[in-house]
Each structure stands twice: as structure tokens, then as C-alpha cells.
Amino acid sequence: MYDLLKGKKGIIFGALNDRSIAWKVAQRAHAEGARLVLTNTPVSLRLGQLQALAEECSAKIVAADATSMDDLNALVEQSLEHFGGKIDFVLHSIGMSPNVRKSIPYEDINYAFMQKTIDISALSFHKMMNVLYNKDAMACGGSIVALTYIAGERAFPGYSDMADAKAMLESVARGFGLKFGRKCGVRVNTVSQSPTLTTAGEGIAGMSDMYRYADKFSPLGNASAEDCADYVVTLFSDLTRKVTMQNLYHDGGFSATGLTEEVLEAFSRGL
Ligand code: NAI
């Protein structure tokens, strides 16, 4: 460990269980010396295992539905009070699509569900930053990170309206990055992560094949949740102070690959 986050204070959204990417980020941030507030929906707190993580990381838990401005206002106020000062970093690790959950095909999408997908998976990022900005809650040079997937930029089967939500999430990072940078050097970035076997990940149709394909298509292989936590911690640290408004690929090289020999061989064997 490097004490990269020594003395820093952060809010982590979206740890549900020990497979969640946010769970790994919380563990890694704690190991690097950060103090944490962990948050998730009241239902997730009941069903998940957040209490165990909070004990491990000596963290405070605050329940909040990230689509509710009231909940977000209360969360930020309680966090400021708990920390006795401003917030250095925030992780948005939230995604949910009722259309994906119910396996509704993209071409026949349910629009009420789609609004929910967008609200939970993208607008929540805007709402969260709206509250942080208007309460002047971020410390100078702070860092805000949201997790995304390459389906926000390129078409992938099975990702359905989550792709639309991710495209919006990445755009919101740029929009708020422009504002936050001038406020006090606060960075806003998205990390585009490899397919990862988590509760949300496994909800995507064909995930296990997609996971294996991406692994063969990436020169470094898929990045795990633990690898993602390592990367996110560098973005929270002072070592990346001039990186903002970027969609940063953390995918073992998948996004820059045209074809790999392994995929070509597998394809020719299959024919
Ligand atoms: P996860 O299922 O462990 O985490 C998703 C979290 O979103 C859960 O903790 C859930 O309670 C929370 N959530 C849902 N609705 C919410 C709401 N209204 N308010 C607050 N929280 C809410 O799965 P995972 O994979 O760790 O997902 C984290 C992030 O990583 C998501 O944004 C996901 O899209 C992204 N991601 C995941 C990949 C994967 O293959 N698993 C790949 C690339 C990005």
C-alpha cells in the first residue's frame, strides 16, 4: 500500500455484496488511508451485506436512493458532518435497467422502464453532482468517478437501454467536469470497465459468453473488480490532478483492439 488516500474522505455509492466493484473500491480506498461513507438504497441495505463492509472499513452507512434529491441532500449533509469537512472523492457505481432485468428486447422496449433505467443509471450522476456542487461540498482538487461500459459508445447485443444510459452518463461527466474544474480543480471522469461478474453484470443477457469473448479480445485479458479498484484509487489520488472529463478505458486493451489471433482461431475452428 502507498498511503495514496491518507487523510482523504470519500463517499462510495453502490456496494451491494462482496462481488460489487464499489465493494472492492471501498476496501482499496480504506487500505490507502481514506475515511469513508458508504451508501446504497434502503432495500439493498436490507438485502445486501453492507454492514460487514462498513465494519471492515470503519465506515459510516447512510441509506439513499440516488434518484431522490431529498435523499442525496441528506446524504451529503450527513457526510460533511461525519467527516467534519469537505469531501475529497466520490464513486458512482450504480446501474439498473428493468428492461434488461425482464429480458424485454430493445426493439420493443418499455418506455416507462426506460425512464427508470435512465433515472437510476445516468440522471442519478447528475443529481449527485448537482447536490455536491450547490452545497460546495467537494474539497479543492477532489475527484468524482462513475463506472461505465463500452456499450455506451458502440452497439453490443443484450445491453439494451443500459447503453443509452451509459452514453448519457459519460456526457454528464463532461458537462459537470467543465463546471467543477473551474470551481476548485475538482475532476470528473468515467471509467469504462471490462465485463465483470457481479450482480448487475450477470443481469445482462449472454454475459458469460460476452465475458469470455472480451477476455480473449483483450491483450491483457479482462480487468477484474480488484484491478478496477486499483485504477479508481489512482484517480482519487493527487497523482492524477489534471485528468478530467475523460472516459478512461480500464479494459485490458479491448477498446483499442481490432482482432486477436485467439478470436480468429476460435472463429475458424467453429466454422
Ligand atoms: P452491482 O449490482 O454490485 O452494483 C450495482 C449497484 O447499483 C447496487 O449496489 C445497487 O444497489 C445500486 N443501485 C441500484 N439502484 C439504485 C438507486 N436507485 N440508488 C442507489 N443505488 C442503486 O454491480 P456492479 O457490476 O458492481 O455495478 C457497478 C457499476 O459498474 C454500474 O454502473 C455498472 O453499470 C458498472 N459496470 C459494470 C460492469 C459489469 O460487467 N459488471 C462493466 C462495466 C461497468
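Order of appearance sets the numbers: ligands from 1, and atoms from 1 within every ligand. Values below: every heavy atom of this structure, side chains too, minus hydrogens, waters and symmetry copies.
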Note to self: Out of all atoms in ligand 1, which are within 4.0 Å of some heavy atom of Gln193? Include the element for each.
What the structure shows: 42 (C), 43 (C)
Notebook entry, point to check: Is there side-chain contact between Val188 and Phe125, with at least one heavy-atom pair below 4.5 Å?
Noted result: yes
Next item on the list: Could you label the plane-to-plane angle of the Phe217 and Tyr213 rings as parallel, tilted or perpendicular, counting under 30° as parallel and over 60° as perpendicular?
Entry: parallel
Check: Per the side-chain hydrogen bond (donor to acceptor under 3.5 Å, both in side chains) rule, which among Gln78, Lys135, Lys127 passes with Asn73?
Finding: Lys135
Next item on the list: Among all protein heavy atoms, pick the one closest to atom 40 (O) of ligand 1 and tell me residue, atom and distance.
Entry: Thr196 N, 2.7 Å
Next item on the list: Would you mind checking which non-hydrogen protein atom is closest to atom 43 (C) of ligand 1, with the distance to 0.1 Å?
Entry: Thr148 O, 3.2 Å
Notebook entry, point to check: Got Gln193 and Tyr249 here, is their nearest side-chain heavy-atom distance under 4.5 Å?
Noted result: no
Next item on the list: Check step by step if salt bridge (charged side-chain N to carboxylate O under 4.0 Å, His left out) holds for Asp18 and Lys24.
Entry: CA-CA 7 Å; Asp18 61 7; Lys24 308 292 183 194; 5.9 Å; no
Item checked: Closest protein heavy atom to atom 12 (C) of ligand 1, given as residue, atom name and distance to 0.1 Å -> Asn40 OD1, 3.7 Å
Check: Can you find a heavy atom in the side chain of Met129 that is under 4.5 Å from one in the side chain of Val172?
Finding: yes
Next item on the list: Examine ligand 1 and decide if any of its atoms is less than 4.0 Å from a heavy atom belonging to Lys166.
Entry: yes
Check: How long is the gap from CG on Leu259 to CG on Leu264, to the nearest 0.5 Å?
Finding: 5.0 Å
Note to self: Given Ala22, Pro42, Ser93, identify the one with the heavy atom nearest to atom 5 (C) of ligand 1.
What the structure shows: Ser93
Item checked: ligand 1 contact by Glu202, heavy-atom criterion under 4.0 angstrom -> no
Check: Using a heavy-atom cut-off of under 4.0 Å, does the side chain or the backbone of Arg19 touch ligand 1, or both, or neither?
Finding: neither
Notebook entry, point to check: Atom CD1 of Ile94 and atom OG of Ser124: how far apart are they, to the nearest 0.5 Å?
Noted result: 4.5 Å
Checklist line | For Ser44, atoms of ligand 1 separated by under 4.0 Å from a heavy atom | finding: 11 (O)
Next item on the list: Please report which non-hydrogen protein atom sits nearest to atom 17 (C) of ligand 1, along with the residue it belongs to and the distance in Å to one decimal place.
Entry: Thr41 CG2, 3.3 Å
Note to self: Tell me the protein heavy atom at minimum distance from atom 15 (N) of ligand 1, and give that distance in Å.
What the structure shows: Ile120 CG2, 3.4 Å
Note to self: Suppose we measure from atom 22 (C) of ligand 1 to each protein heavy atom; which comes out shortest, and what is that distance?
What the structure shows: Ile94 CG2, 3.5 Å
Next item on the list: Under 4.0 Å from a heavy atom of Met207: give me the atoms of ligand 1 that qualify, with their elements.
Entry: 40 (O)
Checklist line | ligand 1 contact by Ser194, heavy-atom criterion under 4.0 angstrom | finding: yes
Check: Do any nitrogen or oxygen atoms of Ile21 lie less than 3.5 angstrom from nitrogen or oxygen atoms of ligand 1?
Finding: yes
Checklist line | Closest approach of any protein heavy atom to atom 25 (O) of ligand 1, naming residue and atom | finding: Thr198 OG1, 2.4 Å
Note to self: Can you confirm, on distance only, whether ligand 1 has an N/O atom lying under 3.5 Å from any N/O atom belonging to Asp65?
What the structure shows: yes
Margin query: Give me the nearest non-hydrogen protein atom to atom 8 (C) of ligand 1 as residue plus atom name, then the distance to 0.1 Å.
Written below: Gly14 O, 3.8 Å
Next item on the list: Output yes when a side-chain donor or acceptor of Ser44 lies under 3.5 Å from a complementary backbone atom of Asn40, and no otherwise.
Entry: no
Notebook entry, point to check: Taking distance alone, with no angle check, do Tyr149 and ligand 1 share an N/O pair under 3.5 Å?
Noted result: no
Next item on the list: Answer yes or no: does an N/O atom from Pro195 fall short of 3.5 Å to an N/O atom of ligand 1?
Entry: no
Next item on the list: With the side chain counted from C-beta on, respond yes when Tyr133 and Val131 share a heavy-atom pair under 4.5 Å apart, and no when they do not.
Entry: no
Note to self: Is it the case that ligand 1 has an N or O less than 3.5 angstrom from some N or O of Ser20?
What the structure shows: yes
Item checked: Note, Asn130 side chain near Phe176 side chain (heavy atom, < 4.5 Å) -> yes
Item checked: Geometric N/O contact Ala66 with ligand 1, under 3.5 angstrom -> yes
Margin query: side chain to side chain contact (heavy atoms under 4.5 Å, CB included) for Glu202 and Arg19? Distances and angles first, verdict last.
Written below: CA-CA 11 Å; Glu202 286 173 352; Arg19 295 190 307 158; 3.2 Å; yes
Notebook entry, point to check: When rounded to the nearest 0.5 angstrom, what distance separates CG in Asp88 from CZ in Phe236?
Noted result: 10.5 Å
Check: Ala200 to ligand 1: N or O pair under 3.5 Å?
Finding: yes
Notebook entry, point to check: With a cut-off of 4.0 Å, which atoms of ligand 1 are near a heavy atom of Gly95?
Noted result: 7 (O), 31 (C), 32 (O)
